[in-house]
Amino acid sequence: MNIFPKVGVDNIKLGMSQKDVQAILGEPENKEKVEEEELWEFGNGLELSFQAEDSYRLSSITVMADSAVLDSKLIIGITESELESIFPAFRLDEDFKKDGKSYYADELQIMAWVFDGEVFNVVIFPEYDESTELPIWPA
């Protein structure tokens, strides 16, 4: 599973419609609607977020699959120190103590969550236009 910063994972791209995502991945194992967000969970280690503010287009992708690679390197399951050395773009964002830590790579628009000293998941976001604060969807 290849992670493409600001774009998506494999052939799933940020900004896709729910219909287009379903055509590729099929029916999600679980769907949950929370206020202005719809979350779809798939058995392959993906959780997709469709936000109302983005007209329910694919707003972010959470990757939990052990096979996920960023820059041809495994990222899920590596230690916190490996994250810092292999992926120097990631900087500690917040330390939630027993609830984990979030690391963020601003130039990649990717957040990595560390629990019990290991990368548990990564969240891929689109790039945003600084003046309009609107997402720039990949082509």
Side-chain angles (χ1 to χ4, degrees):
M1 186 176 291
N2 290 301
I3 296 170
F4 301 105
K6 305 178 201 172
V7 175
V9 176
D10 291 339
N11 56 351
I12 304 299
K13 290 186 175 184
L14 295 163
M16 290 177 90
S17 71
Q18 292 179 346
K19 183 179 175 184
D20 289 343
V21 168
Q22 219 166 10
I24 296 169
L25 293 177
E27 190 68 29
E29 285 186 6
N30 188 39
K31 281 185 185 181
E32 186 179 337
K33 187 158 180 150
V34 183
E35 295 179 27
E36 301 291 306
E37 177 180 37
E38 202 169 305
L39 291 170
W40 291 9
E41 294 176 29
F42 292 88
N44 63 355
L46 292 179
E47 182 179 275
L48 309 182
S49 169
F50 300 88
Q51 303 272 337
E53 67 186 9
D54 295 329
S55 303
Y56 288 101
R57 293 172 78 173
L58 181 54
S59 305
S60 68
I61 302 170
T62 301
V63 181
M64 295 159 275
D66 292 341
S67 62
V69 292
L70 175 62
D71 225 9
S72 302
K73 299 173 197 95
L74 291 172
I75 188 165
I76 306 299
I78 64 173
T79 66
E80 186 174 359
S81 61
E82 287 173 325
L83 175 68
E84 293 172 332
S85 65
I86 298 170
F87 302 101
F90 284 90
R91 300 276 183 249
L92 181 63
D93 186 43
E94 286 194 62
D95 185 345
F96 297 99
K97 306 296 179 212
K98 63 178 173 61
D99 292 327
K101 296 178 183 177
S102 65
Y103 279 77
Y104 197 72
D106 194 45
E107 61 269 23
L108 301 177
Q109 294 294 303
I110 297 178
M111 180 174 283
W113 283 93
V114 173
F115 292 102
D116 295 329
E118 289 187 350
V119 176
F120 175 74
N121 67 30
V122 294
V123 186
I124 306 157
F125 299 99
E127 190 166 6
Y128 284 86
D129 182 293
E130 288 184 25
S131 60
T132 64
E133 296 184 5
L134 293 173
I136 301 168
W137 302 119

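Just so it is clear, the values below take in all heavy atoms, side chains as well, and ignore hydrogens, waters and symmetry mates. What you see is a predicted model, and the numbers here were worked out from it, not measured in a lab. Along the sequence shown, residues carry numbers from 1.
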Mind checking what makes side chain to side chain donor-acceptor pair (under 3.5 Å) contact with Asp129, not counting sequence neighbours?
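Asp129: side chain to side chain donor-acceptor pair (under 3.5 Å) contacts with Ser131, Thr132.
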For Glu27, all residues meeting side chain to side chain donor-acceptor pair (under 3.5 Å), sequence neighbours excluded:
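So Glu27 forms a side chain to side chain donor-acceptor pair (under 3.5 Å) with Gln22.
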Can you list every pair that meets ring-ring contact (aromatic ring centres under 6.0 Å, His included) and has a residue in residues 6-51, with sequence neighbours left out?
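Residue pairs with at least one partner in residues 6-51: Trp40-Phe50.
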Write down the atom of [X], the atom of [Y], and the distance for their closest heavy-atom approach.
{"X": "Pro126", "Y": "Trp137", "result": "CG-CZ3, 3.9 Å"}
{"X": "Ser49", "Y": "Leu39", "result": "CB-CD2, 3.8 Å"}
{"X": "Asp66", "Y": "Leu74", "result": "O-CD2, 3.5 Å"}
{"X": "Ala68", "Y": "Val63", "result": "CB-CG1, 3.5 Å"}

Qualifying salt bridge (charged side-chain N to carboxylate O under 4.0 Å, His left out) pairs with a residue from residues 35-61, counting only residues at least two apart or across chains:
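Salt bridge (charged side-chain N to carboxylate O under 4.0 Å, His left out) check on residues 35-61 returns no pairs.
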What's the spacing between [X] [atom1] and [Y] [atom2] if we round to 0.5 Å?
{"X": "Asp71", "Y": "Phe4", "atom1": "CG", "atom2": "CZ", "result": "10.5 Å"}
{"X": "Ile136", "Y": "Glu130", "atom1": "CD1", "atom2": "CD", "result": "8.5 Å"}
{"X": "Met16", "Y": "Leu14", "atom1": "CE", "atom2": "CG", "result": "10.0 Å"}
{"X": "Ile24", "Y": "Lys13", "atom1": "CD1", "atom2": "NZ", "result": "9.5 Å"}

List, one per line, each side-chain donor-acceptor pair under 3.5 Å for residues 105-125, sequence neighbours excluded.
residue: Gln109; atom: OE1; partner: Tyr104; partner atom: OH; Å: 3.0
residue: Gln109; atom: NE2; partner: Asp106; partner atom: O; Å: 2.8

Answer whether the closest heavy-atom distance between the side chains of Val21 and Leu48 falls below 4.5 Å.
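A side-chain contact exists here, since the closest heavy-atom pair is under 4.5 Å.
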Using modelled atom types only, decide if a donor and an acceptor are shared between the side chain of Asn44 and the backbone of Leu46 within a distance under 3.5 Å.
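Yes; judged by distance alone, with no hydrogens or angles, the pair exists.
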Under 3.5 Å donor-acceptor, Ser59 side chain and Gln51 backbone
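Side chain of Ser59 to backbone of Gln51, a donor-acceptor pair under 3.5 Å: yes, one is there.
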Result block: side-chain N/O donor-acceptor pairs under 3.5 angstrom for residues 84-94, not counting sequence neighbours:
residue: Glu84; atom: OE2; partner: Tyr103; partner atom: OH; Å: 2.8
residue: Ser85; atom: OG; partner: Ser81; partner atom: O; Å: 3.3
residue: Ser85; atom: OG; partner: Glu82; partner atom: O; Å: 3.3
residue: Arg91; atom: NH1; partner: Pro88; partner atom: O; Å: 2.9
residue: Asp93; atom: OD2; partner: Ser102; partner atom: OG; Å: 3.4

When clusters are formed by joining ILVMFWY residues with side-chain heavy atoms under 4.5 Å apart, either directly or through shared neighbours, do Val7 and Leu70 land in the same one?
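No, no single cluster joins them.
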